[in-house]
Amino acid sequence: MLRTLTAVPVYNEAAHVMGAVAGALCYCHDVLVVDDGSTDGTASLLHPRDDVHLIVHPKNLGYGAALRTAFDFALRGGYDVLVTIDCDGQHQPQLIPSFVERLQADEADIVSGSRYRRRFPGDSEPPADRRRINQLVTEQLRRRLGLSLTDAFCGFKAYRVSSLARLRTTEPGYAMPLELWARAAQLGMRIVELPVPMIYLDPSRSFGGALDEADMRLAMYGSVLDAAVRESWPTGNRWSAPTEDRGVLIDPPLEQVAELVAENRRNLRESRCELSGRTLTSIAEQARAELLAAAVQWTGAYRAVDLSSMDPDAPVFLSGHQPTMFHPGVWFKNYTLDRLAKRHGATAVQLVIDGDVPTDWTLPVIGGTPDDPQITQVAFDRTEPRVSFERRRIEDRSLFATFGDRVIRQMDGLVSDPLMARYWPLALARAERTDNLGACLAQARHQLEASLWDSHSLESPQSAMCSGRAFGWFLVDLLKRLPEFRAIYHQALREYRQVYRVRSRSHPAAELAADGDWIEAPLWLTTDDDPRRRRLFVRRRGAELVLADRQSFEACVPTDDRAVERLFELQRAGARIRTRALLTTFWARLALGDLFIHGVGGAKYDRMTDRLFERFLGIQPPRYLTVSGTWRLPIACEPVDPNAVRTIRRQLRELTFHPEHFLEAVGESVCSAALAAKRRWIETPPTPENAKQRCLAIRHQNAKMQPYVARVREELERRRTDAERHQRADRILRSRDYAFCLFPESSLKFF
């Protein structure tokens with residue numbers, strides 16, 4: 001039996017409160033009345049009673065504040081269910097058991113009454129302005145939050161009290177339900193509606209002051225909903241790469257890492273989430289064991305791994321990167337991962353994202369002189385479109401072999417002793433052991449990190465992460481719930497784009513397509529007979545899931561305990577399923593580690609991933625660290641005025657429209673006639689009739705004066721050309737995007 005509390009918020013309800021309480025007591029043993037500062041003696045009627053809990057606000061705080069008091073009372077009292085009803089006779093107490101039963105039967109978090117879901121005999125006609133406002137606001141809740149509601153404002157509700165601990169609201173007035181809906185959507189709470197009669201005993205009831213005006217009330221509701229949606233997402237550009245040379249970004253500060261890790265471990269331990277019938281805790285334990293085994297095997301293939309220092313119970317710190325020649329900001333992230341792991345007794349693992357498709361087979365390399373630098377794209381292999389790093393082999397061995405020397409020659413005279421001289425021989429040595437392009441690049445870089453920093457971190461490819469049994473349990477659960485996941489994913493995607501004003505249809509991720517009963521999964525598929533990366537589609541057929549690329553591949557997976565074994569069979573047959581970007585960090589943060597370290601881009605996009613944790617799994621998102629840095633090539637160059645070109649362009653414009661300001665060198669007397677004519681037209685008041693003639697006349701006089709300022713123009717044009725050349729050189733020299741291997745060792749060995 002669920003322990004239930006019924007709460008009745010009241011304000012100046014002396015005429016109705018005793019009847020409302022009596023009705024509630026017929027269907028619920030515990031009743032709470034929250035008197036929100038009544039001045040008509042409402043509280044004095046209830047003080048003598050010992051069968052009712054009473055809380056009195058010393059002054060009127062608002063409907064939302066009264067509900068917040070009821071929420072807190074239910075939490076402190078250890079109740080299972082909180083029912084809220086109004087005191088004005090609109091809600092029928094005999095429906096309280098139905099709300100409680102529906103809450104239990106549907107395993108919902110909130111059961112909300114709806115006066116618009118169906119008609120009852122004797123229903124009242126709602127006031128026209130209230131119905132219109134309810135319809136408009138309800139449509140906003142559907143569109144912006146993805147909530148399938150028909151009644152935004154019904155106060156007859158039942159809440160699962162354990163959910164109220166997360167449902168924090170601050171709005172004190174009548175608009176509090178909108179904040180509540182926004183928070184509930186943010187947290188992924190399960191909401192169902194229960195039809196209730198439409199009863200209006202007093203259609204003229206006042207909202208108070210300006211809120212009695214329908215348009216004012218609607219505007220207030222809109223502003224509260226806007227604020228609630230914004231507040232449910234981190235606002236502003238919280239993270240951006242540093243602009244100064246050797247500047248770093250670390251958020252939150254390093255001194256908070258221990259607290260952050262402890263919180264993540266505690267939330268995992270206390271989670272009630274289950275996937276494929278297994279607790280998240282047990283899945284994470286299996287996933288980490290598989291990750292560490294794969295990391296030891298991968299890393300041990302090219303450098304020594306000290307197994308004696310590895311504690312299986314130690315925290316796991318993670319980061320991720322493509323197997324490319326990335327800029328020093330990513331290298332600094334790897335350095336931070338290694339140092340933090342050592343400081344906190346953790347195991348550091350870098351995920352090599354080999355499921356991505358390379359976008360270029362050349363490296364931008366600087367050459368020329370400091371005054372006239374040039375960028376040359378130096379190729380290290382031939383292109384092979386749409387094949388992921390996991391399956392990408394070195395196509396042109398001769399091109400690969402000479403790449404390092406060509407890069408060093410290109411930089412000769414600008415950068416001395418670039419790391420390429422140490423890095424590329426390591427890559428060539430790895431190429432003797434493996435012909436996988438990504439593995440050569442990543443393993444050589446990891447060897448270099450170890451020699452420069454005494455790094456103890458491990459690395460493991462994303463492909464190994466997606467091949468474990470623990471991931472298989474997660475994958476089966478995801479595919480079985482794919483329609484639900486897609487709906488949550490799209491809602492979070494729409495909110496992200498709206499809040500951050502993103503117009504791109506591919507950022508932070510693309511939408512998942514649906515065609516009939518086929519639904520696109522957030523996964524990639526490759527096969528041995530077709531190594532190109534394709535989208536994976538899924539549909540349910542009876543007790544099976546059909547997996548297909550809808551071109552040449554199709555396979556069936558049972559939905560019972562045999563599902564993971566079937567996925568392993570497909571993998572052995574050459575079908576490989578790999579996570580896309582958001583799902584990669586979702587799984588890594590969920591099960592693989594106690595701390596994930598993001599760069600700036602990943603941190604921004606994982607704001608959307610946080611919504612998947614909250615809404616799909618119903619858990620608090622694991623917190624992460626954001627780390628980045630900016631390093632510039634140590635090339636001496638003259639400082640450049642960033643406003644020089646803008647200033648000169650402004651002077652050239654002034655020369656065109658006000659040449660008289662530049663006539664000092666030749667004297668105004670040579671242009672006296674043109675100057676006089678221009679002044680006459682300027683002093684002539686403009687009218688609709690003379691506007692065009694006046695404009696053309698002033699232009700004509702300006703043109704007459706241009707030959708006398710030609711030398712000034714030539715000098716300004718020369719200065720503009722020089723300034724543009726200097727700014728172009730400065731942009732090239734000061735770029736933060738050059739690969740780490742183009743820097744001298746002295747620039748990157750010590751951070």
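Quick caveat, the model's predicted, so the values are computed rather than measured.
T138 approaches A152 most closely through the heavy-atom pair OG1-N, 3.3 Å. The minimum heavy-atom distance linking V564 with W473 is given by the pair CG2-CD1, 3.4 Å. Closest non-hydrogen pair, L595 versus V257, comes out as CD2-CG1, 4.0 Å. Contact between G113 and V196 at its shortest, heavy atoms only, is CA-CG1, 4.1 Å. What you find for S112 and F99 is that their closest heavy atoms are C-CE2, 4.1 Å. Minimum interatomic distance between L337 and S319 (heavy atoms only, all atoms of both residues): CD2-CB, 4.0 Å.
Partners of R166 by salt bridge (charged side-chain N to carboxylate O under 4.0 Å, His left out), not counting sequence neighbours: none found. A search for ring pair (Phe, Tyr, Trp, His ring centres under 6.0 Å) contacts involving F485 returns Y489, F616, not counting sequence neighbours. For H598, the ring pair (Phe, Tyr, Trp, His ring centres under 6.0 Å) criterion is met by F596, Y624, not counting sequence neighbours. A search for salt bridge (charged side-chain N to carboxylate O under 4.0 Å, His left out) contacts involving D30 returns nothing, not counting sequence neighbours. For the ring pair (Phe, Tyr, Trp, His ring centres under 6.0 Å) test, residues two or more places apart in sequence or in another chain that qualify with H53 are F73. Under the salt bridge (charged side-chain N to carboxylate O under 4.0 Å, His left out) criterion, R623 pairs with E263, not counting sequence neighbours.
Side chains of L351 and I353 form a contact here, defined as non-hydrogen atoms less than 4.5 Å apart. For the pair V8 and V17, the minimum side-chain heavy-atom distance is 4.5 Å or more. At least one side-chain heavy atom of P508 sits under 4.5 Å from a side-chain heavy atom of L493. Side-chain contact check for L178 versus E171: every heavy-atom pair is 4.5 Å or farther apart. Looking at heavy atoms from C-beta onward, R589 lies in side-chain contact with D610 at the 4.5 angstrom threshold. Inter-residue side-chain proximity for L164 and L167 is flagged as met; some heavy-atom pair is nearer than 4.5 Å. L512 is listed as a side-chain neighbour of R580, based on a closest heavy-atom distance under 4.5 Å. Contact of the L592 side chain with the V316 side chain is not registered, since no non-hydrogen atoms from C-beta on lie closer than 4.5 Å.
Using a 4.0 Å cut-off between charged nitrogen and carboxylate oxygen, D477 and R278 do not count as a salt-bridge pair. Between R3 and D80 there is no salt bridge, since no side-chain N of the basic residue sits under 4.0 Å from a carboxylate O of the acidic one.
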Determine whether E511 and E520 satisfy the following criterion, side chain to side chain contact (heavy atoms under 4.5 Å, CB included), listing intermediate values before the conclusion.
CA-CA 9 Å; E511 295 180 1; E520 182 183 359; over 6 Å; no
Might you work through the side chain to side chain contact (heavy atoms under 4.5 Å, CB included) test for T347 and R288, ending with a clear yes or no?
CA-CA 11 Å; T347 301; R288 294 176 191 203; over 6 Å; no
Assess whether side chain to side chain contact (heavy atoms under 4.5 Å, CB included) is satisfied between F474 and I283, documenting all intermediate values.
CA-CA 8 Å; F474 165 70; I283 288 178; 5.5 Å; no
Between R68 and E179, is a salt bridge (charged side-chain N to carboxylate O under 4.0 Å, His left out) present by the stated rule, with each step listed?
CA-CA 12 Å; R68 184 72 256 168; E179 185 186 28; over 6 Å; no
Let me see the working for Y605 and H507 under side chain to side chain contact (heavy atoms under 4.5 Å, CB included), right down to the final yes or no.
CA-CA 8 Å; Y605 290 166; H507 290 91; 2.7 Å; yes
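Between T69 atom OG1 and H57 atom NE2 the span is 3.0 Å, to the nearest 0.5 Å. Rounding to the nearest 0.5 Å gives a distance of 8.5 Å between CG of L612 and CG of L617. Distance CG/L149 to SG/C154: 11.0 Å, rounded to 0.5 Å. Taken to the nearest 0.5 Å, the CG atom of L82 stands 11.5 Å off from the OG atom of S163. Note that the CG atom of L478 and the CG atom of L583 stand 6.0 Å from one another [nearest 0.5 Å]. Rounding to the nearest 0.5 Å places CD of Q350 at 9.5 Å from CD1 of I597.
No donor-acceptor distance shorter than 3.5 angstrom exists from the side chain of S628 to the backbone of G599, with no hydrogens or angles considered. Judged by distance alone, with hydrogens and angles left aside, the side-chain atoms of R486 form no donor-acceptor pair with the main-chain N or O of A521 at under 3.5 Å. Proximity of a side-chain donor or acceptor of Q286 to a complementary backbone N or O of R469 within less than 3.5 Å is not detected. Although no hydrogens or angles enter the test, the distance criterion places no donor-acceptor pair under 3.5 Å between the side chain of E193 and the main chain of S114. Counting only distance, with no hydrogens or angles, the side chain of T84 and the backbone of G155 share a donor-acceptor pair below 3.5 Å. In this structure, the side chain of D109 does not engage the main chain of R160 through any donor-acceptor pair within 3.5 Å. A donor-acceptor contact shorter than 3.5 Å is absent between the side chain of K157 and the backbone of I110. Under the 3.5 Å distance criterion, the side-chain polar atoms of D151 are left unmatched by any main-chain donor or acceptor of Y116. Remark: the backbone N or O of D86 is paired with a side-chain donor or acceptor of H91 at under 3.5 angstrom. Between the R615 side chain and the A185 main chain, a donor and an acceptor come within less than 3.5 Å of each other.
Side chain to side chain, R494 and Q491 meet the donor-acceptor criterion of an N or O pair below 3.5 Å. Looking only at atom types and distance, the side chain of T279 has no donor-acceptor partner in the side chain of T281 under 3.5 Å away. Side-chain N/O atoms of T585 and D606 include a donor and acceptor closer than 3.5 Å.
Atom NE2 of H29 has 12 or fewer neighbouring heavy atoms from other residues, nucleotides or ligands inside a 6.0 Å radius. Remark: D561 CG is loosely packed, at most 12 non-hydrogen atoms of other residues, nucleotides or ligands lying under 6.0 Å away. Other residues, nucleotides and ligands place no more than 12 heavy atoms under 6.0 Å from the CD atom of E285.
Under the 30°/60° scheme for interplanar angles, the aromatic rings of F613 and F586 are found to lie parallel. Below 30°, between 30° and 60°, or above 60°: for F471 and W587 the angle between ring planes is above 60°, a perpendicular geometry. Between Y174 and Y63, the two ring planes are parallel [angle under 30°; tilted spans 30° to 60°].
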